[in-house]
**Q** 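After the structure tokens below, expect a handful of questions from me.
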Amino acid sequence: MPGIDVAVRQILIIILGLIAIYAALDLFWFRKKTQKSLYRSKALNVLILLSILTMIIVSARLFTLPIIIQILLLNTVDLSILILATTAVVLIFKTSVTTNFAQGMMATFGAFFAASVVMKLIAGGSTNMTLILFSGLFAGIAISFLLGLFIDVMIIRKGKNVNSVGKQMITMGLVMVIMGIIPVIFGSNPIVLPAFSVDVKIFNIGDNPMVIPVQNLYAIVITVIVLSALFIALRFTKWGLGVRATASSETVASMMGVNTHVITAMSWAIAGGLGAIAAFFYASMGTQVQVASMVPVQVNAFMAAVLGSFGSFGGSIIGAILINVFTSIAPYYNGTWQLVIVYGIILLIVLAKPLGLFGKKIAKKV
Amino acid sequence: MMKLKNILANFKKQFLSISKHPYFGFIVLGLVFLFALLLRNMGLLTISVINTFTLVMIYSVVAMGFSLLLGFGGLASLGTAGLVGLGSFIMGYMHGKAGISFTATIAIAIGVALVVGLLVGFISLRIEGMYLAIITLGLGEMLRQFFISYDTFTGGFTGTSLRSFQIFGKLFESGNDNYFNTVYIIIIICFILAMVATINIIKSPTGRALLSMKNSESAAQSMGISIIKYRLLAFVLSSVFAVLGGALYILHTKFSYPPQWNLSYSLDILAAVIVGGAQSIYGIIIGVFLIFGLKVSVLNYIPFFSNNPALIVIFNGVLIVLVVMFYPGGLIRLLQTSWYKLKIKLAKLKMKWRTYRYGKDDQ
């Protein structure tokens with residue numbers, strides 16, 4: 001292939017070497033053991049860890065550590081967006097057992113509403129920009145929350161006997177519906193959504209000055225607050241218990257007295273709200289709200305969920321972090337082939353661990 | 001006089017027996033599309049309708065391959081767009097730029113499809129279900145990035161265009177009716193051949209093995225069906241259909257540019273297969289028409305929709321949602337059941353008429 005740099009070639013050679021090591025170990029050692037699968041999975045875990053470490057070491061030879069930290073700091077807003085979107089996708093997957101293709105569109109709807117509220121407030125003569133943007137954000141979250149609630153109660157719940165591919169199709173149809181509704185409600189003119197702040201903050205780590213945009217700080221703080229609230233709710237409230245029960249088996253949960261309807265509806269609503277925050281930051285990063293803007297984020301969120309495992313929130317967040325690290329470092333190696341490199345790495349990891357890095361195999365009854 | 005009646009009766013009998021043959025419907029469909037071309041050449045149909053028919057035929061070829069994967073193999077894949085794009089670029093580059101002959105290009109395209117299909121098939125042996133769908137989505141995105149970046153092959157963002165093609169020693173230049181008619185006839189032939197191939201695969205042991213694999217893998221394995229063989233076969237077949245569809249696409253539209261082969265195209269193919277009915281050829285054609293052709297051929301002529309183009313998208317979306325929610329077997333199932341109900345109603349009416357005409361049957 002044209003234009004592959006030395007570092008990428010080194011990474012490829014290292015990965016191929018690790019695969020060869022695994023094959024050799026499997027051929028000459030594990031095959032003779034009685035507990036083959038245990039040995040194999042342990043060796044895989046070690047090798048994947050090794051490969052990620054070698055990638056970092058090889059990249060550190062190209063950059064110095066402060067430069068890597070600087071690159072990652074600049075990409076924190078992408079990271080927050082990706083984590084929020086991934087959590088939303090996983091939340092819906094856990095309760096409704098489907099991948100929600102409408103996630104991005106629900107989020108974009110919220111961002112459009114937020115942007116139009118912000119425009120109205122600015123036109124109304126308000127001057128406190130932070131207050132305006134926060135009220136816009138909350139309006140967007142509220143409308144996406146209601147949209148998610150509406151979608152589950154009116155559509156997904158009615159299609160109980162539809163299989164999971166069918167549910168995927170329903171969400172695809174919803175993509176089209178929302179895509180058509182947005183220009184009808186908000187007009188076809190592009191709406192501008194300003195950022196919280198265009199300043200940058202400079203601070204020192206050791207002797208090295210670091211730069212971080214203030215917008216990124218807002219994104220990080222809001223994401224951390226929202227996600228910790230969500231995880232506390234999942235861990236300690238009755239709703240969280242219900243989500244976990246529904247995730248393991250919806251029928252059994254409803255037989256045990258869990259109101260699965262409310263659980264699922266709330267999951268859709270919260271996923272909508274999380275998406276709205278993500279879309280708000282994505283839109284204010286690119287200055288304009290566009291209908292199809294959330295599609296690449298959504299694809300990355302799916303990939304992150306696959307990488308980390310659809311089954312666990314923590315795993316999928318780690319998947320999102322890994323994808324963010326890969327996507328932020330890859331352009332410095334090779335600008336044109338970055339997507340191929342990142343998805344290739346994910347594909348290799350998922351081939352080694354088919355249920356994701358943190359997925360647990362559930363024994364199926366035949 | 002008696003003899004003539006006999007001959008007629010015999011003819012009718014023969015016709016009925018022929019019309020039961022599965023190929024009969026395919027050939028009739030092909031003739032209908034050919035008749036549309038005649039009407040267009042007489043000036044009765046607009047070119048947009050013919051274009052819609054062409055796209056419906058091309059995408060039906062792709063969707064039939066996809067239904068072998070989804071409707072029979074039970075394997076969801078979202079990388080169709082990448083394969084269709086690959087086919088179109090192979091045709092555009094090999095035949096249009098490098099000057100390799102038409103048949104050799106088709107052979108190369110099928111070879112590439114075999115390799116890609118085997119690759120995805122091997123991946124599918126390890127990754128299953130929703131994970132497979134998303135990994136194939138990633139593969140599709142990788143292919144799209146490959147098209148955008150590798151510009152000596154695809155022409156980058158500007159894309160590839162095909163000015164002329166040569167088949168059986170005859171050169172066809174784009175831009176005149178001769179080119180248009182030839183391509184249309186080639187596409188009809190490919191469409192019929194694809195339908196024939198699909199029904200032969202479905203009704204053969206291969207199709208039955210795929211179906212059993214979809215319903216229960218363990219049961220299929222215990223009956224002696226090799227999962228590896230049939231999974232690889234399903235992926236290879238579907239990628240061959242997709243690549244051929246791409247080659248036909250660039251013959252028809254004369255250009256192909258990379259950003260067009262994105263996720264939404266794969267999702268449209270998936271929607272067409274699900275909405276129409278994944279296990280029936282006519283269902284797939286209906287689904288493809290609804291998703292790709294309804295807008296151009298019907299809705300644009302209704303003033304309510306042509307004044308508000310956003311409503312067409314909403315209409316399509318609502319249609320998909322309603323069909324999936326209420327008719328999980330697809331529209332073809334709805335048509336079949338309603339035809340059956342109509343038949344029963346007609347039979348009852350006939351009985352009523354008879355009792356009225358001849359009196360009640362005492363026994």
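Computation of the quantities below employed the complete heavy-atom set of this structure, encompassing side-chain atoms and omitting hydrogens, waters and symmetry-equivalent molecules. Numbered from 1 within each chain, the chains take letters A, B, ... in sequence-line order.
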**Q** Would a line drawn from the ring center of A/Phe186 to the ring center of A/Phe109 be shorter than 6.0 Å?
**A**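 Yes.
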**Q** Cut-off 3.5 Å, no hydrogens considered: what does the side-chain donor-acceptor table look like for residues 132-143 of chain B, sequence neighbours left out?
**A**
{"unit_1": "B/Thr136", "atom_1": "OG1", "unit_2": "B/Leu78", "atom_2": "N", "d": "3.0"}
{"unit_1": "B/Thr136", "atom_1": "OG1", "unit_2": "B/Leu132", "atom_2": "O", "d": "2.9"}
{"unit_1": "B/Thr136", "atom_1": "OG1", "unit_2": "B/Ala133", "atom_2": "O", "d": "2.7"}
{"unit_1": "B/Glu141", "atom_1": "OE1", "unit_2": "B/Arg144", "atom_2": "NH2", "d": "3.0"}

**Q** For residues 99-107 of chain A, dump all side-chain donor-acceptor pairs below 3.5 Å to protein atoms at least two apart in sequence or in another chain.
**A**
{"unit_1": "A/Thr99", "atom_1": "OG1", "unit_2": "A/Gln168", "atom_2": "NE2", "d": "2.6"}
{"unit_1": "A/Asn100", "atom_1": "OD1", "unit_2": "A/Ala102", "atom_2": "N", "d": "3.0"}
{"unit_1": "A/Gln103", "atom_1": "NE2", "unit_2": "A/Ala271", "atom_2": "O", "d": "3.3"}

**Q** Which atoms of A/Val342 come close to chain B, meaning under 4.5 Å heavy atom to heavy atom: side chain ones, backbone ones, both, or neither?
**A**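 For A/Val342, neither part sits under 4.5 Å from chain B.
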**Q** Is there any residue in residues 302-313 of chain A with a non-hydrogen atom under 4.5 Å from a non-hydrogen atom of chain B, and which ones are they?
**A**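 Residues of residues 302-313 of chain A touching chain B at under 4.5 Å: A/Phe302, A/Met303, A/Val306, A/Ser309, A/Phe310, A/Gly311.
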**Q** Give a yes or no on whether a salt bridge exists between A/Lys94 and A/Glu250, defined as a side-chain N under 4.0 angstrom from a carboxylate O.
**A**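 Result for this pair is no, no salt bridge flagged.
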**Q** Taking every non-hydrogen pair under 4.5 Å, which of B/Val321, B/Val275, B/Leu267, B/Val323 racks up the most with chain A?
**A**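 Counting heavy-atom pairs under 4.5 Å, the top option is B/Leu267.
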**Q** Verify the ring-centre separation between B/Tyr265 and B/Tyr59: is it less than 6.0 angstrom?
**A**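 They qualify: ring centres under 6.0 Å apart.
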**Q** Between A/Val184 and chain B, with a heavy-atom cut-off of 4.5 Å, which part of the residue counts as in contact: side chain, backbone, both or neither?
**A**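 Interface part for A/Val184: side chain.
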**Q** With a 4.5 Å heavy-atom cut-off (strictly below), which parts of residues 118-127 of chain B touch chain A? List them by number.
**A**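 Heavy-atom contacts from residues 118-127 of chain B to chain A are B/Ile123, B/Arg126, B/Ile127.
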**Q** Counting only heavy atoms closer than 4.5 Å, note whether B/Ile320 contacts chain A via side chain, backbone, both or neither.
**A**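 For B/Ile320, the contact with chain A is made by the side chain alone.
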**Q** Looking only at heavy atoms and a cut-off of under 4.5 Å, which of B/Leu263, B/Val318, B/Ile274 has the most pairs with chain A?
**A**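 Among B/Leu263, B/Val318, B/Ile274, the one with the most close pairs to chain A is B/Ile274.
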**Q** So B/Thr160 and B/Tyr93, do their side chains get closer than 4.5 Å, heavy atoms only?
**A**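 Heavy-atom side-chain distance check fails, nothing below 4.5 Å.
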